[in-house]
Amino acid sequence: MKVEKTEVVIIGAGPSGSVAAGILRKQGRQVLILEREQFPRFSIGESLLPQSMEYIEEAGMIRDVVEAGFQFKNGAAFARGETYTDFDFRDKFSKGWGTTYQVQRGTFDHVLALAAERMGATLRFRHTVESVDVTGAEPEITVRSPEGETYRVQARFLLDASGFGRVLPRLLQLETPSNFPVRGALFTHVEDRVPAGGNFDRSKIRVTVHPKHVDVWYWTIPFSNGRCSLGVVAKREYLEQFQGTETERLKAIVADDPTLSKLLKDAVWDTPARSITGYAANVKSLWGNGFALLGNAGEFLDPVFSSGVTIAVKSASLASKCIGRVFAGETVDWERDYAVPLKAGVDTFRTFVESWYAGGFQNVIFHPNASPEVRRMISAILAGYAWDKENPFVADSRRRLGVLEQLCAA
């Protein structure tokens, strides 16, 4: 069997894999990306957060993204019945990017992957990792090519950016149950035909809360071509009440919300809906002997605040910095230097996600007399700045949010 050698192998060419490749190439590292699918391919997670732009910029890919023509995004809007509020991410507590994009992920991921290749990474589509050995001095993986041939690759480091494919957690028995309830999503793309004006701002993701069920919500993500991504998230028991095809079920659930169904009354449902259930995931460890898990391969919380891509590219930045230090001859403590800082932001998001489904954070968002200063702090977290310890709602998120919930309830 043919054996290749390289410095870093990345499994998966999604955002975390491509951004890691870009940063590592700027360090001068040899990088091989192995992607199981052929890009472009469909994926959800289409509303980026401004914080992610910092890491795309760090990877040298900002021009590629800007010139791709995606829908400009400057905030998030929330609707519950006739109540509507929005956050402008340019008006936030934390420094940094205040704008970003809403993207068709098939195109966006392909743009980043081709940018990584432009920067000198070797990119192979339709190459599947079949086995992994991390017991030796260097990781070794066995790969199957599109032609059915197998070969081995030895590398100094192995980064798993396989997303929901979760290659290393599966092969190395690293998976552990998430403590989140089992939720599912139904989603599609539609030609929305929403007229200009009104309270549908195409530069913002719209999150709609179900009028009767506090833990059921819809996303509406406008794209630059008159289309939008439309989906609903709920516990499995709620979704299973609706019968028929995925499209018929999603239509019925949208019809359950008068405001949203009125907004989309002229929409053309021209794409079959899809579903995913039990997407929340966790692992025993985010790193091991010669490897690290990036983004969704390590942990996925929930899509409600569109944090997935931001966590993914943050992990790519942290892991790439650690690898750079190792090649510079330094000793790296992967728990202290990678896992702990990454989890700090994830735990901030977790606090707000849990509060959202319990209804407390929804009451904060929709409160009619919110302090402008507090709104700017919340805006920063919604914009992805979950690692900014200067923000009191990051530094002490659970206690601060609990106090705020009580004040809003009173």
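Predicted, not measured: the structure shown is a model, and the values here were computed from it.
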**Prompt:** Can L263 and R206 be said to form a side-chain contact (heavy atoms from CB on, under 4.5 Å), step by step?
**Reply:** CA-CA 11 Å; L263 184 74; R206 181 188 178 103; 4.0 Å; yes
**Message:** Using the rule given for side-chain contact (heavy atoms from CB on, under 4.5 Å), can you reason through W97 versus Y385, listing the C-alpha separation, both sets of side-chain angles and the distance that settles it, and then say yes or no?
**Reply:** CA-CA 10 Å; W97 285 80; Y385 291 89; 3.7 Å; yes
**Asked** Is there a side-chain contact (heavy atoms from CB on, under 4.5 Å) between R274 and F187 once you walk through the steps?
**Response** CA-CA 6 Å; R274 307 184 189 205; F187 49 90; 3.6 Å; yes
**Request:** Step by step, work out the side-chain contact (heavy atoms from CB on, under 4.5 Å) result for V364 and V374.
**Result:** CA-CA 10 Å; V364 170; V374 170; 5.6 Å; no
**Asked** Taking it one step at a time, do R152 and D133 satisfy salt bridge (charged side-chain N to carboxylate O under 4.0 Å, His left out)?
**Response** CA-CA 10 Å; R152 291 203 300 266; D133 183 356; over 6 Å; no
**Intermediate values then yes/no, salt bridge (charged side-chain N to carboxylate O under 4.0 Å, His left out), R227 and E46** = CA-CA 12 Å; R227 301 179 63 77; E46 297 133 322; over 6 Å; no
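Smallest separation of non-hydrogen atoms from F89 and G98: CB-O, 3.2 Å. Scanning all heavy atoms of the two residues, the minimum distance from D88 to N74 falls at OD1-O, 3.4 Å. For the residue pair T247 and A273, the shortest heavy atom distance occurs at OG1-N, 2.9 Å. Here the closest non-hydrogen pair linking L293 and S285 is CD1-O, 3.4 Å.
More than 12 heavy atoms of other residues, nucleotides or ligands sit less than 6.0 Å from atom CD of Q241. At most 12 heavy atoms of other shown residues, nucleotides or ligands fall within 6.0 angstrom of atom CZ in R236. Summarising the local packing, CZ of R36 is surrounded by 12 or fewer heavy atoms from other residues, nucleotides or ligands at distances under 6.0 Å.
T107 has its side chain within reach of F70: a pair of non-hydrogen atoms, C-beta onward, lies under 4.5 Å apart. Here the side chains of K343 and E335 are in contact, with some heavy-atom distance below 4.5 Å. Counting heavy atoms from C-beta on, the side chains of Y151 and V143 come closer than 4.5 Å. The shortest distance between side-chain heavy atoms of D64 and L114 does not fall below 4.5 Å. Put simply, the side chain of L250 reaches to within 4.5 Å of the side chain of W269, judged on heavy atoms. Put simply, the side chain of V232 does not reach to within 4.5 Å of the side chain of V254, judged on heavy atoms. Using a 4.5 Å heavy-atom cutoff, the side chains of P303 and W217 are in contact. Residues H367 and N363 form no side-chain contact, since every pair of their non-hydrogen atoms from C-beta on lies 4.5 Å or further apart.
A centroid separation of 6.0 Å or more is found between the aromatic rings of Y357 and F361. Ring centers of F39 and F125: under 6.0 Å apart, within the cut-off.
Separation of atoms NZ (K251) and OG1 (T188) is listed at 9.5 Å; rounding is to 0.5 Å. Taking NZ of K204 as the start and CZ of F87 as the end, the distance is 11.5 Å to the nearest 0.5 Å. Interatomic distance, CD1 of I221 versus CD of Q104, reported as 10.5 Å (0.5 Å rounding). From D192, atom CG reaches atom SG of C228 across 4.5 Å, with rounding to the nearest 0.5 Å. Atom-to-atom distance recorded for I365:CD1 and D86:CG is 11.5 Å, nearest 0.5 angstrom. One finds the CD1 atom of I378 at 11.0 Å from the CZ atom of R400 (value rounded to the nearest 0.5 Å).
Ring planes of Y338 and W334: perpendicular class, angle over 60° (limits at 30 and 60°). Between F78 and W356, the ring-plane angle classifies as tilted under the 30° and 60° cut-offs.
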Side-chain polar contacts of residues 168-175 - donor-acceptor pairs under 3.5 angstrom, sequence neighbours left out - could you list them?
from	atom 1	to	atom 2	distance (Å)
Q173	NE2	R170	O	3.4
Q173	NE2	L171	O	3.4
E175	OE2	R166	NE	3.1

Check residues 16-26 and write down every donor-acceptor pair under 3.5 Å in which the side-chain atom is one partner and the other belongs to a residue at least two apart or another chain.
from	atom 1	to	atom 2	distance (Å)
S18	OG	A13	O	3.0
S18	OG	G14	O	3.4
S18	OG	A113	N	3.4
R25	NE	M119	O	2.9
R25	NH1	R29	O	2.7
K26	NZ	E58	O	2.7

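Looking at E191, its side chain never comes within 3.5 Å of a backbone N or O of D270 through a donor-acceptor pair. Although no hydrogens or angles enter the test, the distance criterion places no donor-acceptor pair under 3.5 Å between the side chain of Q51 and the main chain of L48.
For the pair D388 and K92, the salt-bridge criterion is not met [side-chain N within less than 4.0 Å of a carboxylate O]. Classification of D109 and R105 as a salt-bridged pair holds, one side-chain N sitting under 4.0 Å from a carboxylate O.
Residues in residues 65-81 take part in these salt bridge (charged side-chain N to carboxylate O under 4.0 Å, His left out) pairs, two or more places apart or across chains: R63-E67.
When only modelled atom types and interatomic distance are considered, E405 and S355 share a side-chain donor-acceptor pair under 3.5 Å. Side-chain atoms of E147 and S145 form a donor-acceptor pair, as typed in the model, at a separation below 3.5 Å. Between the side chains of K314 and T310, no donor N or O sits under 3.5 Å from an acceptor N or O. Between the side chains of S229 and W219, a donor-acceptor pair is found at a separation under 3.5 Å.
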